[in-house]
Amino acid sequence: MSQKVTVFGLHAVRSILDNHPDRLVELYVSKERQNDAVNALVQQTHTIGIRPQWVPKHALDKRAEGGNHQGVVATVTSLPTLTEHDFAKLIDDSEQRPLFLVLDGITDPHNLGACLRTADAAGVTAVVVPKDKSVQITPTVRKVASGAAEVVPMVVVTNLARALRELQQLNVWIVGTAGEATKSLYEIDYQGPTAMVMGAEGKGMRRLTRETCDELVSIPLAGSVSSLNVSVASGVCLFEVVRQRNGS
């Protein structure tokens with residue numbers, strides 16, 4: 001049975017209307033905020049037979065739990081939860097060579113939202129996260145993702161190391177990122193099906209995750225900082241895969 005979730009922010013709500021209008025249940029719009037962007041969403045909502053509710057801004061603040069809703073908050077039915085049992089179908093349905101982004105214990109919703117946005121831009125097949133000790137999709141994640149949370153499949157697994165082994169059985173090459181790795185990100189060939197594994201903020205990958213990887217790579221850093229934010233590092237890694245596959 002589908003659950004109802006809250007989505008707020010212009011980009012996130014527009015993504016629902018553009019990609020999954022059938023999932024929209026209700027749209028709440030601030031009486032105090034009427035501009036071209038908001039009015040366009042309202043008109044789009046009318047075309048699918050739903051009449052928006054105009055409410056005071058403080059009512060939206062409450063629904064968005066203090067998040068920056070930009071004058072629009074929607075109630076939508078959630079996407080089905082995917083598990084490791086869906087890997088084979090995701091690979092079969094992929095229009096491009098499979099590329100997974102695996103996040104080992106990311107706890108900051110802003111980082112997860114940014115990673116989803118980057119994953120969408122890079123054409124990732126799915127984002128994989130562990131069920132425990134990891135942030136899941138929240139209204140803040142949806143807002144930061146700017147609509148990507150509505151289109152990028154997310155796989156939630158009980159045991160991450162076991163899930164990686166299942167990907168290996170499906171001929172996916174597992175590449176983990178670690179600052180102490182001796183191989184550079186740019187030394188590896190990513191032409192085949194690939195899963196890029198990013199470690200948690202500050203801690204990196206867990207031991208079992210690291211031991212399951214086929215390769216460990218590092219991002220060469222020229223400055224004084226010792227590491228990059230996980231969403232930035234994800235972008236660097238994913239777009240190296242994209243660059244290689246595009247032949248540039």
Side-chain angles (χ1 to χ4, degrees), residues 2 11-12 15-16 18-23 76-104 106 111-131 134 136-137 141-142 145-177 185-186 188-199 205 209 212-217 230-231 233-248:
S2 296
H11 291 295
S15 179
I16 285 287
D18 289 343
N19 298 288
H20 303 283
D22 56 305
R23 292 176 50 209
V76 306
T77 56
S78 61
L79 287 171
T81 300
L82 301 180
T83 70
E84 55 265 45
H85 302 300
D86 295 295
F87 282 148
K89 188 175 189 306
L90 285 167
I91 291 172
D92 288 342
D93 291 347
S94 179
E95 296 179 358
Q96 303 174 358
R97 280 165 286 184
L99 174 59
F100 293 88
L101 175 62
V102 182
L103 303 174
D104 186 11
I106 305 302
N111 278 340
L112 178 57
C115 285
L116 284 167
R117 188 172 182 176
T118 299
D120 181 41
V124 160
T125 306
V127 172
V128 182
V129 299
K131 181 179 180 180
S134 174
Q136 307 299 317
I137 297 293
V141 170
R142 294 180 189 276
S146 296
E150 318 317 323
V151 294
V152 177
M154 195 162 96
V155 179
V156 180
V157 300
T158 303
N159 185 306
L160 187 57
R162 184 175 63 205
L164 293 178
R165 288 193 291 271
E166 293 194 20
L167 282 174
Q168 288 169 327
Q169 291 296 314
L170 294 167
N171 298 316
V172 177
W173 194 248
I174 312 297
V175 180
T177 55
L185 166 72
Y186 306 108
I188 306 299
D189 185 338
Y190 304 105
Q191 296 295 340
T194 302
M196 190 68 68
V197 186
M198 315 301 298
M205 292 182 294
T209 305
T212 308
C213 292
D214 296 302
E215 295 272 11
L216 292 178
V217 300
V230 65
S231 64
S234 295
V236 172
C237 294
L238 292 176
F239 277 94
E240 171 59 15
V241 177
V242 172
R243 182 194 69 80
Q244 287 192 20
R245 292 181 176 184
N246 288 343
S248 59

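These figures come from a predicted structure and were not determined experimentally.
- Counting heavy atoms from C-beta outward, Thr209 and Thr212 have side chains that stay 4.5 Å or more apart.
- Between Cys115 and Leu103, some side-chain heavy-atom pair lies under the 4.5 Å cut-off.
- Nearest heavy atoms, Gly123 versus Gln96: O-OE1, 4.1 Å.
- Pairing each heavy atom of Ile106 with each of Gly199, the nearest pair is CD1-O, 3.4 Å.
- At least one side-chain heavy atom of Phe87 sits less than 4.5 Å from a side-chain heavy atom of Val128.
- In terms of modelled atom types and a separation under 3.5 Å, the side chain of Asp18 and the main chain of Ser15 share no donor-acceptor contact.
- Crowding of Arg117 atom CZ: a count of heavy atoms from other residues, nucleotides or ligands under 6.0 Å not exceeding 12.
- Asn111 places no side-chain N or O within 3.5 Å of a backbone atom of Ser231 that could act as its donor or acceptor partner.
- Distance check, rounded to the nearest 0.5 Å: CG of Leu185 to CD of Glu240 gives 5.0 Å.
- Taken to the nearest 0.5 Å, the CG atom of Leu167 stands 6.5 Å off from the CG atom of Leu170.
- No side-chain heavy atom of Val102 sits less than 4.5 Å from a side-chain heavy atom of Met205.
- Contact annotation: the side chain of Val241 never approaches that of Val175 to less than 4.5 Å [non-hydrogen atoms, C-beta and beyond].
- Looking only at distances, a side-chain donor or acceptor of Gln191 sits under 3.5 Å from a matching main-chain atom of Gln244.
- Residues Val217 and Thr177 meet the side-chain proximity criterion, which asks for heavy atoms closer than 4.5 Å.
- Across every non-hydrogen atom of Leu116 and Ala145, the tightest pair is CB-CB, 4.1 Å.
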Please report the C-alpha distance between Val152 and Leu101 in whole Å, then the side-chain angles of each, then the deciding distance to 0.1 Å, and finally whether the side-chain contact (heavy atoms from CB on, under 4.5 Å) criterion is met. CA-CA 11 Å; Val152 177; Leu101 175 62; over 6 Å; no

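- For Thr158 against Lys131, the heavy-atom pair with the smallest separation is CA-CB, 4.5 Å.
- Atom CG of Leu164 and atom CZ of Arg162 lie 11.5 Å apart (nearest 0.5 Å).
- Annotation: the span from Thr125 atom OG1 to Glu95 atom CD amounts to 10.5 Å, rounded to 0.5 Å.
- Side-chain contact check for Tyr190 versus Leu238: every heavy-atom pair is 4.5 Å or farther apart.
- Interatomic distance, Thr194 OG1 to Glu215 CD, rounded to the nearest 0.5 Å: 10.5 Å.
- Expressed to the nearest 0.5 Å, how far OH of Tyr186 lies from SG of Cys237 amounts to 7.5 Å.
- A side-chain donor-acceptor contact under 3.5 Å links Arg245 to the backbone of Arg97.
- Between the Ser234 side chain and the Val230 main chain, a donor and an acceptor come within less than 3.5 Å of each other.
- Arg142 contributes no side-chain N or O that, together with a main-chain N or O of Ile137, makes up a donor-acceptor pair within less than 3.5 Å.
- Side-chain atoms of Ser94 do not come within 3.5 Å of backbone N or O of Leu90 as any donor-acceptor pair.
- You'll find the side chain of Ser134 reaches within 4.5 Å of the side chain of Gln136, heavy atoms only.
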